[in-house]
Amino acid sequence: MEYRNKTDLFLGCLSSEKDKDAQEKLIRQACEELNLLKAEYTLTIPPSPAERNGRNETHVIYKAPVQSGIMLSMSKHYDIPTINATFEINIYYPNFPAPTEQDFAAYDSLSGALYLYYMSGHLLSTLSFMLNSSLITGLPLRDSVSSQFNKEVTEAGRGGDYAFVFMNIENMKYYNRRYGAELGDKFLYHYAQTLKSLVEDGEYICHPGGDNFLAAVKSPHLQTFLSTIQEMRLPPMQGIREEDLTVRAWCGVVPGEKYGNITFNARVFMGSTAMTHGKLFLKQHVTFFDENIAKRNEWSRQVIGSIEQALHDNEIVAFYQPKIQIATGRIIGLEALARWKHNGQFLPAESFEPLLESNKLSHLLDIYMVDLICRNMREWLDRGLRVPRVSVNISPVTASDKDAAGKIMDAINRHDIPVSLLEIELTERIPQENLSSLIDLANYLHSQGLAISIDNFGSGYSSLKLLERIQVDVIKLDKNFVGGLKSARSLEVLKSFVRLAESLGTTLIAVGVETQEYADMLYERGCLNAQGSLYAMPMPREALELRLASEN
């Protein structure tokens, strides 16, 4: 065969009009025409999003059925800067008859053709991965799985066989802050791979983005899957930790029995909605979607869309709940609680505050409430009423606003309120990612003369850390703890809280006191102050003013 025809043969290996089998046949034919003994390539790729562990592989392209004589070789090296990879073609030929210059030219031509053929295939595969998979976790993206699920399951009428589980990693922001962005991505990758190992054959998993994951699992497998991911153990990871780590997830579940005929994307939305509802309002890790959650989601959209206008129109008002000295019944302080006057009703703060916090809007409400309370106190002082210290809740999200301290102090100064009359109340349930900024804000305000209190004390894991790092004036015992004071063990814990408060020089207040029996148990063991329905429910400003006037 003429070398010109051989060159055409090599170029034919690259023809996009031929399928893979035809191209591979042309490559073998070219190797036989050149009397080669073997041809192979070595591909080396460093670790990357598409190649998590990198690649170093050698692939035999052609091997002659009969190997005889001395084998010589020629190598061609190619650098691929775009992916920082190297590609090497090795051609092996016999030493007899000795190759001519034309033979070497043909070897060179074949090497170029093989490089283009195999690297184009690899690059297309990499491009497909990058378009259809998460570069952080390696899991398929939602659209890729949606197409596959609809083709294999929905069109076959088997949607009811699968439950959708929408997952959000608990405390992921804390892991990112603790480990940094690069190791945080590594953490996500290991979490995703562990999650992937829990999915059975015929089930689907994807990474919609961020710290969210989605699995479509067969209904009989659902409960096992849910229980496993609530105690999922990640193996040790270099650079992060040396021991196993147990990670939990907030889960929204869309059962197939009821919603199997709904589209893939609609079920993803329903799962996300159930997860968010459980996380913000129910405080439970597994929440099943139902129609009540759908209605609540619509309400949430209305809240987020109208809260700024509600603040502008002064629709948010303050209700006040007294803090009482148990022995005398005298008011020793007040807690200001936001109420939204909406459609003729006063909506409690717990119905909209979690939404504001999750949408980074808490600072709008918090600063508004500080200003409103200072304005009310100024009016009471001008009327000669005895004004107890008033506490206002500050969200952990507000602490992330670098201007929060300045805005609070501006409200106090503008209304000419003694700083000793305002108390900043922090919840004990502080997400780890907000802890540092909230501690800084609390300590600064305390240095300016404001009192600092911790609400929900004893309900989470931040209690001792807060007491260690913040100058605290008031500790408010969590109402769930107060409501369970029947056992001897819980009463001993109460006495230890009393001793702790005394040693720190702080005031201890029991929250959620509803009966005289509980008030007596508290008082007998040294807790001298209480707040709850036994003494007063949260009341509007006008009712409070009458009570303050009567105490005068």
Side-chain angles (χ1 to χ4, degrees), residues 142 164 166-168 172-173 208-212 214 250-254 259 262-284 287-319 336-373 375 392-404 407-408 411 427 429 431 433-434 437-438 538 540-541:
R142 187 180 76 175
F164 277 39
F166 191 96
M167 294 157 278
N168 175 261
M172 186 62 214
K173 291 181 180 178
D211 54 352
N212 298 317
L214 175 75
W250 304 99
C251 299
V253 183
V254 185
Y259 301 104
I262 306 296
T263 65
F264 183 96
N265 287 335
R267 291 175 75 177
V268 173
F269 176 76
M270 293 157 73
S272 173
T273 300
M275 181 277 294
T276 301
H277 185 77
K279 180 179 179 180
L280 294 183
F281 298 103
L282 304 179
K283 307 301 180 185
Q284 63 188 31
T287 303
F288 282 73
F289 182 86
D290 59 26
E291 297 308 316
N292 290 329
I293 290 179
K295 293 177 182 177
R296 176 73 197 197
N297 182 62
E298 181 58 32
W299 154 248
S300 299
R301 291 175 57 195
Q302 294 177 13
V303 168
I304 297 305
S306 58
I307 187 63
E308 292 192 53
Q309 188 64 42
L311 293 172
H312 180 270
D313 295 341
N314 296 315
E315 293 179 6
I316 308 295
V317 299
F319 273 44
L337 301 164
R339 295 291 185 268
W340 186 352
K341 191 174 182 180
H342 185 72
N343 293 334
Q345 294 180 308
F346 285 105
L347 302 177
E350 54 267 24
S351 69
F352 57 88
E353 276 184 342
L355 288 170
L356 301 184
E357 187 165 332
S358 67
N359 287 273
K360 311 300 182 186
L361 296 173
S362 298
H363 63 286
L364 299 177
L365 177 63
D366 289 350
I367 301 303
Y368 172 92
M369 287 295 294
V370 169
D371 187 79
L372 175 60
I373 292 160
R375 186 164 69 246
V392 58
N393 294 279
I394 295 295
S395 162
V397 174
T398 299
S400 301
D401 179 0
K402 64 181 186 302
D403 298 326
K407 293 174 182 176
I408 292 171
T427 178
R429 303 185 186 98
E433 66 268 18
N434 298 117
S437 57
L438 197 62
R541 170 184 166 178

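Side chains included, hydrogens not; waters and symmetry mates left out as well; all remaining heavy atoms used.
- Residue Ser362 holds its OG atom at 7.5 Å from CD of Glu353, rounded to the nearest 0.5 Å.
- For Trp340 against Ile307, the heavy-atom pair with the smallest separation is CZ3-CD1, 4.1 Å.
- Shown here for Asp211 and Met172, the closest heavy-atom pair between the two residues is OD2-CB, 3.1 Å.
- A donor-acceptor pair is defined here as one N or O able to donate and one able to accept, closer than 3.5 Å; no such pair exists between the side chain of Lys360 and the backbone of Glu357.
- Nearest approach of Val254 to Arg267, heavy atoms of both residues: CG2-O, 3.5 Å.
- Once rounded to the nearest 0.5 Å, the distance linking CD1 of Ile367 with CG of Asp403 reads 9.5 Å.
- Between Gln309 and Ser306, the side chains place no donor N or O within less than 3.5 Å of an acceptor N or O (distance only, hydrogens not considered).
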| Intermediate values then yes/no, side chain to side chain contact (heavy atoms under 4.5 Å, CB included), Asn314 and Tyr368 | CA-CA 9 Å; Asn314 296 315; Tyr368 172 92; 3.5 Å; yes
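- Shortest non-hydrogen contact noted between Phe166 and Gly271 is CB-C, 3.5 Å.
- Enclosure of atom CD in Glu308 is not indicated, since only 12 or fewer non-hydrogen atoms of other residues, nucleotides or ligands lie within 6.0 angstrom.
- With hydrogens and angles disregarded, no donor-acceptor distance shorter than 3.5 Å links the side chain of Asp313 to the backbone of Glu315.
- Between Ile293 and Asp290, some side-chain heavy-atom pair lies under the 4.5 Å cut-off.
- Ala274 and Val253 get closest at one heavy-atom pair: CB-N, 4.3 Å.
- When atom types are taken as modelled, the side chain of Ser272 and the backbone of Val268 share no donor-acceptor pair closer than 3.5 angstrom.
- Looking at Met270, Met275, His277 one by one, the single match for side chain to side chain contact (heavy atoms under 4.5 Å, CB included) with Phe289 turns out to be Met270.
- Phe164 and Leu214 get closest at one heavy-atom pair: CD2-CD1, 4.2 Å.
- Asp366 and Asn393 form no side-chain donor-acceptor contact under 3.5 Å, judged by distance and modelled atom types alone.
- For the side-chain hydrogen bond (donor to acceptor under 3.5 Å, both in side chains) criterion with Lys407, the lone passing option out of Asp371, Asp401, Thr398 is Asp401.
- Residue Phe281 holds its CZ atom at 10.5 Å from CZ of Phe352, rounded to the nearest 0.5 Å.
- The structure places NE2 of His363 at 10.0 Å from CG of Leu356, a figure rounded to the nearest 0.5 Å.
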